[in-house]
Amino acid sequence: MNQYKDASKLLGPLLKKNGPGLKSLAFGGKKKPPSKAVYATVCHTLRSREVLDRVLGIAGKAREDFEGLRDKELMYVLLYELLLGPYKGIRGGGGGKRAIMKHENELRAALVKLATEGDKATKDVISSGGGLTAGEGASVPTVKPSHWPKYVRVNTLKATLSEAVASAKEKFGEPNVAVHQVVDNVLVLPCTVNNLYEWDMVERGEVVIQDLSSCLTAVALGGGNGSRWWDSGPAKKKGKKGKDKSGVVMLDACAAPGNKTTHLAAIVNEGCEVQNRVVALDRASERIKILQKRVKLLGGDSGVVEPRHQDFLKVDSGDKDLKNLRAILLDPSCSGSGIVNSPDRVDSSDSAERLRSLASFQLLALVHSMSFPQVDYIAYSTCSVNVEEDEAVVAKALAEGNAKLEGGERWRLVAPASLRGWKRRGVAVEGLTAEQAECLCRSDPFDGDLTNGFFVGYFERVKVAGEGKREGTIGGGEVGEVKVFKEGMFKVEGGEEKKRKQKKQKGGEEAKGGGGKGGAEGGEKKNDNKRKAPSQHSMVPTDTSSMPKKKLKKLLYKQRQRELREERLKKKKKGDGGKGV
Ligand SMILES: C[S@@+](CC[C@H](N)C(=O)[O-])C[C@H]1O[C@@H](n2cnc3c(N)ncnc32)[C@H](O)[C@@H]1O
């Protein structure tokens, strides 16, 4: 990542004795001053250097390895990011990251040792939120939100995708109306399109102005399993033959103003014979009123959403209205540190104390969700980019929630089949392996994503292998697959792109037979042509004569890596029936 490289360049002279000060180095010369994010990273790496040296003093193997490194400054920056930075992880890739991640466990253990032994410098750095509070070092989106595409979600309770595409083209005189490549039913319009609120489809609730990131949760919950499991009704009723006509119930635990509620209701009622309900809770009386209004506009009188003014933590799993409950969407209050394009943006300079208090509520709510015996699927999301509210909550909830389970059952993370094309994944933290982190989806406007910062984790309840039949029903994306499906984010309908799409579709039909589960459900989803097995497409074009050598080399390397991953995946598939972690 350029941010790390730039920070390490600035750090070099500062590590020398009697070198210049940071301010004069950054702002005193003729060179362009560093970005706010780079400046903050350097500041905090410097501040944490003593602690990082102590960590290396304990982590002997890592120290030995690092001694041979030429770029010591980069090592400090990356060490800081991994152990103390706002993400508690290293974003991007590269040789420096690989060198450090080899010793990740040893390094983290050394930091914990210092802290538990009462090392004052370590405790000070950790209690000040690791130096950088979320947002401080990463408060500037890489691309200005005003240059992002405009997103609208098609509300399939009231309109179809093709109706919305046709209407958008006509209303805005805009041929480039795209359908998002990964997130179903989201339209992508150029940033130059204005006055979306004046679009009659918005006024009628047929399309919803909703940020792309905010659509991830319902898609993860609705399609995470890769099958329309709700079509089989409330499966836990024993002794009943045939389909249960009463439909299933999902709970949106922290629902207002209701964007994700109505999105989920639309997903689980698309093409259904029975009505599936979403019970939408919120404990704030004012916000529940907004939710009711939204539901009226977006759901009409369909009754698919049932708003309730209630505290989720007080909801009992025995509630008679929830006997058909199968899934929970949990999008609790958070710091909002990922939101950069809203006037409601929460001040992201959260104190460590506020973050701790938010994270403890989030954990409580997630563990509570896991305690409903009738629930098999959970999606947990935040619009925060802080690891404390995201991966750390997930890791702790898995430990706490599973400790309470009996009867050979456990919760596990699954890479949502419906989001297998989503590129950015979670980061490994204490209690969460790299493999588990790959199941989690993130978005990050501070690192180039054209949407707000967001986090989503999808869980499924399983019987531990050998103890029951439900293990085999897990249909989520495999952990390896998420690494393979890394294509561009958007497809644009029109002109050359359209031709390309048609060509791709043709190839896709052939690819479907052996493709991933989400893409091979035959007619279940309208946009299934989007999900193809990438192995069918070589990354290297047939004619490479005009390609610069360096680029070709890079592509060949990437292609080889992809093939190796696929081979590993195939082997894994043969030897392992389980798909979650
Ligand atoms: C991040 S917002 C939810 C946004 C919503 N999911 C959407 O997409 O429109 C969090 C909501 O959780 C509600 N909330 C916080 N604690 C709660 C609790 N214990 N029970 C129910 N709702 C709660 C807040 O009032 C707030 O409306």
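Order of listing sets the numbers, starting from 1, for every ligand and every atom in it.
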Could you see which bit of [X] sits under 4.0 Å from ligand 1, with heavy atoms only: side chain, backbone, both or neither?
X	result
Ala365	neither
Arg287	side chain
Ala255	backbone

Between Lys404 and Ser371, is there a side-chain heavy-atom distance shorter than 4.5 Å? no
Are Ile288 and Gln310 close enough that some pair of their side-chain heavy atoms sits under 4.5 Å apart? no
Between Glu163 and Lys158, is there a side-chain N and carboxylate O pair less than 4.0 Å apart? no
In plain terms, say whether Glu353 and Arg356 are close enough for a salt bridge, that is, a side-chain N and a carboxylate O under 4.0 Å apart.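 Judged by the 4.0 Å cut-off on N to carboxylate O distance, Glu353 and Arg356 do not form a salt bridge.
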Give the residue, atom name and distance (to 0.1 Å) of the protein heavy atom nearest [atom].
atom	result
atom 15 (C) of ligand 1	Ser333 OG, 3.3 Å
atom 6 (N) of ligand 1	Asp331 OD2, 2.8 Å
atom 18 (C) of ligand 1	Asp311 OD1, 3.5 Å
atom 4 (C) of ligand 1	Ala256 O, 3.1 Å
atom 8 (O) of ligand 1	Lys260 NZ, 2.8 Å
atom 13 (C) of ligand 1	Asp282 OD2, 3.2 Å

Ring-plane angle category for Tyr80 and His44, please: parallel below 30°, perpendicular beyond 60°, tilted otherwise. parallel
Pick whichever of Ala253, Ala218, Gly258 has a heavy atom sitting closest to atom 21 (C) of ligand 1. Ala253
Identity of the nearest option to atom 12 (O) of ligand 1, non-hydrogen atoms only, from Ala280, Ala284, Ser381, Cys254: Cys254
Which one of Asp211, Leu216, Asp444 satisfies the side-chain contact (heavy atoms from CB on, under 4.5 Å) criterion with Phe454? Leu216
So which of Asn269, Leu298, Val305 actually passes side-chain contact (heavy atoms from CB on, under 4.5 Å) with Leu157? Asn269
Considering only heavy atoms of Gln310, which atoms of ligand 1 have at least one such atom less than 4.0 Å away?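 Heavy-atom distances to Gln310 below 4.0 Å select 20 (N), 21 (C).
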In ligand 1, which numbered atoms sit nearer than 4.0 Å to a non-hydrogen atom of Pro332?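 Under 4.0 Å from Pro332, ligand 1 has these atoms: 1 (C), 10 (C).
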Exercise: do Gln362 and Thr382 side chains pair donor with acceptor under 3.5 Å: no
Hey, are Ser337 and Asn386 close enough side-chain-wise for a donor-acceptor pair under 3.5 Å?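 Asn386 vs Ser337: donor-acceptor pair found between side chains.
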Do side-chain atoms of Lys150 reach the backbone of Cys191 as a donor and acceptor pair under 3.5 angstrom? yes
I'd like to know whether ligand 1 has Lys314 as a neighbour, heavy-atom separation below 4.0 Å. no
[X]-ligand 1 polar pair, N/O distance under 3.5 Å:
X	answer
Arg283	yes
Phe312	yes
Ser214	no

Applying the ring pair (Phe, Tyr, Trp, His ring centres under 6.0 Å) test to Tyr377, which of Trp229, Trp230, Trp411, Phe372 qualifies? Trp229
